[in-house]
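Structure, as structure tokens:
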Amino acid sequence: MAAVKQKLLLMGKSGAGKTSMRSIIFANYVPRETSRLGATIDVEHSNIRFLGSLTLSLWDCGGQDHFIDNFLEAEQENVFKDVAVLIYVFDAESMETKDTDYFRRVCDAIYTNSRGAKIFCLVHKMDLINENEREQFCKVREAQLKKIGERLDLTCFWTSIWDETLYKAWSEIVRCLISNLDTLKAKLRALCEVCEADEVVIFERATFLVIAHAVIEPHDDIHRFEKISNIIKQFKLSCNKKRAGLESLQVQNANSTVLILDFTVCTSIMLVCSDTRIRPAAVLHNIQLANEGFK
Ligand code: GTP
């Protein structure tokens, strides 16, 4: 498959939490370590190999006013051309008119330079918003942001580094860049059926973001997979600290068997079987046979 490089802009005011989320998702920071991060100067570029032929070119743009003004004026073409995805981060606790004004100008710059880009607004630090007020808060903010970006393809997420919402948002962001996602989902469904599993999930191996899943037995919890991402990633990091790599994990109880293992070079797979008569060795064999088709 031909190599594809996709440009992602990460923008928003200083202190909104951009570098924190980038460090947690792509550089294995744990949330509490982000309090030590300094302000980003100008732009920090990183190229992240993601799923075989896909490379993410991530531009973490410093959020101090003079940097944003410079991006919107002197540097506009350089920053805003060829953008596949804009991730605009708002600090939920302190969203002011100035922030939405900047966002409006950024939307205009995207409209001028990269009209087809997808826009993800991450209203972040939701842990600081009173739980009773969240629903109303989200409704009002979503309407406001959608109005500003009405000419663009815009989606809102409500995130915090302290729970799985960050994984939910970033999984959705990277999924929109995967060209063969439907084929991947169809293959996963076939694997799920062959293994007689209840569900199968594929995660990107380094970040543990959810790439695709197939579910035969649905669950009520809509954040189920992102919670699993979060938990397994923390577990993997703890193993790494003890210099013990985690290649596979098998958990079995009276009701089900769960297998998590490295799958292709860039992915890990999780499989849940509630039929305990099915032998893990047989499931592993099927996974190994299927592996070639996912490369
Ligand atoms: P610039 O680099 O100046 O543009 O700022 P930034 O947007 O990159 O902010 P940064 O990631 O450096 O985060 C600023 C502070 O916010 C840090 O102390 C983080 O620990 C804190 N923070 C990040 N995310 C969250 C969150 O979800 N909740 C809370 N309560 N604090 C957060």
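Remember, it's 1-based here, ligands and their atoms both numbered in the order they're listed.
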Backbone N or O of Val210 within a donor-acceptor pair of the Ser171 side chain at under 3.5 Å? yes
Chain-and-number sorted residues having a heavy-atom contact under 4.0 Å with ligand 1 are Lys13, Ser14, Gly15, Ala16, Gly17, Lys18, Thr19, Ser20, Thr34, Ser35, Ala39, Thr40, Gly62, Gly63, His124, Lys125, Asp127, Leu128, Ser160, Ile161, Trp162
Pairing of Arg205 and Asp262 as salt bridge, 4.0 angstrom limit: yes
Option passing side chain to side chain donor-acceptor pair (under 3.5 Å) with Gln76 (candidates Thr112, Asn113, Asn70): Asn113
Does Arg105 come within less than 4.0 Å of Asp69, counting only side-chain N to carboxylate O? yes
Filter on salt bridge (Lys or Arg N to Asp or Glu O under 4.0 Å), then keep only pairs touching residues 136-150, sequence neighbours left out; what's left? Glu142-Lys146, Lys147-Glu150
Are the ring centres of Phe103 and Phe90 closer than 6.0 Å? yes
